[in-house]
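Here is the structure we will look at.
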Amino acid sequence: QVQLVESGGGLVQAGGSLRLSCAASGRTFSGYAMGWFRQAPGKEREFVSAISRSGSFTYYADSVKGRFTIPSDNAKNTMYLQMNSLKHEDTAVYYCATSVVGATALTGGRADYWGPGTQVTVSS
């Protein structure tokens with residue numbers, strides 16, 4: 001079992017930055033691919049970013065490429081989502097997720113464990 005808890009959400013002006021954190025417990029962090037998803041009001045949950053089990057490969061949705069990065073700290077069992085140049089359309093609940101299968105499963109929208117989510121609101 002893996003427990004995930006997100007933090008760092010909040011209200012920010014367009015053009016600003018936020019860093020989300022995802023703390024994992026229960027299993028060795030480095031044994032899972034990790035990722036972020038988001039769900040805006042009235043829309044389906046969508047993939048945002050993922051990092052491979054080894055940390056060597058990262059993946060981004062086209063909508064966030066060049067603005068978001070996904071650093072991680074295996075020693076702290078924590079993953080981050082650094083969000084820069086935020087836009088109003090980035091407003092959503094952001095979810096941390098893990099996959100035993102790998103990062104490609106996450107890019108396909110499949111995860112084994114999910115966090116409860118954290119709200120990010122970008123004012124225009």
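Numbering of residues begins at 1 and proceeds along the displayed sequence.
Taking each heavy atom of S85 and D90 in turn, the nearest pair found is O-OD2, 4.5 Å. Residues G35 and M79 share a closest heavy-atom pair of O-CE, 3.5 Å. Between I70 and Y60, the shortest heavy-atom contact is N-OH, 3.1 Å. Looking at every heavy atom in both residues, L106 comes nearest to F47 through O-CD1, 3.4 Å. Of all non-hydrogen atoms in A97 and A111, the two that sit nearest each other are CB-CB, 3.7 Å. Nearest approach of E6 to P116, heavy atoms of both residues: OE1-CD, 3.1 Å.
Every side-chain contact (heavy atoms from CB on, under 4.5 Å) that T91 has, sequence neighbours left out, goes to H88, Q119, T121, V122. Here Y80 pairs with nothing under the ring-ring contact (aromatic ring centres under 6.0 Å, His included) rule; sequence neighbours left out.
Under 3.5 Å, the side chains of D112 and T98 contain no donor-acceptor pair of N or O atoms.
The closest side-chain heavy-atom distance from Q82 to S17 is below 4.5 Å.
Side-chain heavy atoms closer than 4.5 Å link hydrophobic residues (I, L, V, M, F, W, Y) into clusters, and following such links, possibly through other members, connects V100 to W36.
Annotation: cation-pi geometry not satisfied between R53 and Y32 (NZ/CZ under 6.0 angstrom from ring centroid, within 45° of ring axis).
For residues 51-87, no residue pair satisfies the disulfide bond (SG atoms under 2.5 Å apart) rule, not counting sequence neighbours.
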